[in-house]
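Shown next, in structure tokens, is the structure this report addresses.
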Amino acid sequence: MTTGSAPGKIILFGEHAVVYGRPAIAVPVMQVEATAVVEDAPPGHGCELIAPDVQRKFRLANAPTDDPLAYNVRETLRHLGVSEPDVTITIHSTIPVASGLGSGAAVSTAITRALAAHLGHPLDDDSVSALVFEVERLYHGTPSGIDNIVIARGQPLFFVRDRLIETFLVKEPLHLLIADTGVPSPTKTAVGDVRAGWEAQRDYYDSLFRQIGQITVMARGAIAAGELHALGALMDGNQWLLYQVGVSSPENEGLVRAARQAGALGAKLSGAGRGGNVIALAPKEMRDAVADALLRAGAKNVIATVVN
Ligand code: PMV
């Protein structure tokens, strides 16, 4: 029996603009995780996938080509150059779906890790990430690649699509609250709508993306210097730009406002937007008060995490 696991993730700065070549900052969220357990099955059984959380149980041989779980397994087997093994793969995840926490990429990462290791070919993090990126393309259409790499490496990253993946210094711990609006937001739809807007008004959108990129670079500096008030202000600035990009929603705005009023240093949507999650940076001593305010303002769930 072999187990693979992967954390969730949040994007601190730069979502959407990252698809257009601007930098973004993402961090893993260790409080939630996806796991895959691979066990040997009798000869002739083939490969079976079981995902009890979503009531799914099926044979690889019977799955359609575009099923993301099956595609993930097939891509992994193809990469390893092995034929379909006799195994069962059981998948669990505590990562909320379609809310900006990278649930799809984490499930894929857990499966690829567990399956490769079980078949005697353990893969390093970047190889797993590259395989998961192919699966993400099926979910998203044009993913930037940030989700798969931050989830595979499990560490905070400064990322520029196709160009740069860097770790960075975190001088003061960042106490973050992740508040779920309860509104599912499929990334593919939001990313597609932003693309349609960009195609109609390129100069306007390029200017917003450029400003988001500048904020992200400043945010990296603020994190390295431990300037938490400046960092909070940069989150607010990023949120204002995301609003103009058209990916905020009344639910996102309501939670952002509640967090700021309760003493957060800054707050913004995280991920695709149009619902999903909002993140708030709180002074350590205000963390519980901000979490309570988010719940009172309608958050369906609040996760506290620390980046250090
Ligand atoms: O998967 P999410 O909801 O965290 O969104 C991904 C972030 C985007 O920048 C909107 C898309 C991408 O591929 O980077």
Side-chain angles (χ1 to χ4, degrees), residues 9-28 100 102 105 129 133 136 140-151 153 155-171 174 176 185 187-188 190-248 252-253 256 265-274 276-281 307:
K9 73 98 210 358
I10 46 172
I11 297 184
L12 291 190
F13 289 92
E15 51 273 272
H16 287 291
V18 69
V19 175
Y20 299 82
R22 304 292 169 184
I25 294 174
V27 300
S129 173
F133 181 67
E136 288 286 285
H140 287 193
T142 54
S144 63
I146 191 167
D147 280 24
N148 42 285
I149 189 69
V150 74
I151 285 169
R153 291 210 190 169
Q155 56 185 175
L157 293 178
F158 181 90
F159 173 94
V160 182
R161 179 179 195 162
D162 301 326
R163 301 228 322 257
L164 187 73
I165 302 164
E166 278 180 359
T167 54
F168 55 87
L169 184 74
V170 180
K171 189 164 179 207
L174 310 180
L176 294 171
S185 170
T187 303
K188 194 169 183 170
V191 170
D193 289 353
V194 171
R195 181 156 300 267
W198 176 75
E199 267 157 13
Q201 286 178 278
R202 285 202 183 198
D203 289 350
Y204 175 65
Y205 277 80
D206 281 338
S207 151
L208 296 175
F209 296 148
R210 189 165 49 246
Q211 292 174 71
I212 290 173
Q214 287 165 348
I215 283 186
T216 303
V217 171
M218 287 190 276
R220 177 184 172 150
I223 294 170
E227 291 168 354
L228 300 187
H229 283 86
L231 189 65
L234 291 166
M235 288 172 79
D236 292 345
N238 195 162
Q239 171 61 20
W240 169 234
L241 290 162
L242 286 164
Y243 175 83
Q244 293 176 75
V245 169
V247 293
S248 196
N252 295 121
E253 295 295 321
V256 162
L265 301 172
K268 63 184 278 293
L269 68 85
S270 175
R274 302 257 179 88
N277 276 294
V278 160
I279 55 172
L281 176 68
V307 181

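Quick note: numbers below take in every heavy atom, side chains included, and nothing from hydrogens, waters or symmetry partners.
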Shortest non-hydrogen contact from [X] to [Y]?
| X | Y | value |
| --- | --- | --- |
| Ile279 | Ser270 | CG2-CB, 3.8 Å |
| Met235 | Lys268 | O-CB, 3.7 Å |
| Asn252 | Arg274 | OD1-N, 3.4 Å |
| Gly102 | Asp147 | CA-OD2, 3.9 Å |
| Gly232 | Leu281 | N-CD2, 3.9 Å |
| Ile212 | Gly14 | CG2-CA, 3.6 Å |

Step by step, work out the side chain to side chain contact (heavy atoms under 4.5 Å, CB included) result for Val27 and Ile10.
-> CA-CA 6 Å; Val27 300; Ile10 46 172; 3.5 Å; yes
Between [atom1] of [X] and [atom2] of [Y], what distance do you get to the nearest 0.5 Å?
| X | Y | atom1 | atom2 | value |
| --- | --- | --- | --- | --- |
| Tyr205 | Gln244 | OH | CD | 10.0 Å |
| Leu265 | Glu227 | CG | CD | 12.5 Å |
| Glu136 | Thr187 | CD | OG1 | 8.0 Å |
| His229 | Leu234 | NE2 | CG | 13.0 Å |
| Leu241 | His16 | CG | NE2 | 12.5 Å |
| Ile165 | Gln155 | CD1 | CD | 10.0 Å |

Might you work through the side chain to side chain contact (heavy atoms under 4.5 Å, CB included) test for Val194 and Val245, ending with a clear yes or no?
-> CA-CA 7 Å; Val194 171; Val245 169; 3.9 Å; yes
Any side-chain heavy-atom pair from [X] and [Y] closer than 4.5 angstrom?
| X | Y | value |
| --- | --- | --- |
| Glu253 | Gln239 | yes |
| Leu269 | Asn277 | no |
| Ser129 | Arg153 | no |
| Phe159 | Ile11 | no |
| Thr216 | Val18 | no |
| Glu166 | Val160 | no |

Stacked cation flag Arg220 on Phe158, 6.0 angstrom / 45 deg |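 Yes - Arg220 lies over the ring of Phe158, closer than 6.0 Å to its centre and within 45° of its axis.
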Apply ring-ring contact (aromatic ring centres under 6.0 Å, His included) to Phe209 and Tyr20, showing your working.
-> CA-CA 7 Å; Phe209 296 148; Tyr20 299 82; 4.5 Å; yes
Evaluate side chain to side chain contact (heavy atoms under 4.5 Å, CB included) for Val307 paired with Ile223, printing each intermediate quantity in order.
-> CA-CA 10 Å; Val307 181; Ile223 294 170; over 6 Å; no
Might you confirm whether atom CZ of Arg202 has over 12 heavy atoms from other residues, nucleotides or ligands at distances under 6.0 Å?
->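 Enclosed.
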Should Leu157 and Thr167 be marked as a side chain to side chain contact (heavy atoms under 4.5 Å, CB included) after you check the CA-CA gap, both sets of side-chain angles, and the distance that decides it?
-> CA-CA 5 Å; Leu157 293 178; Thr167 54; 3.9 Å; yes
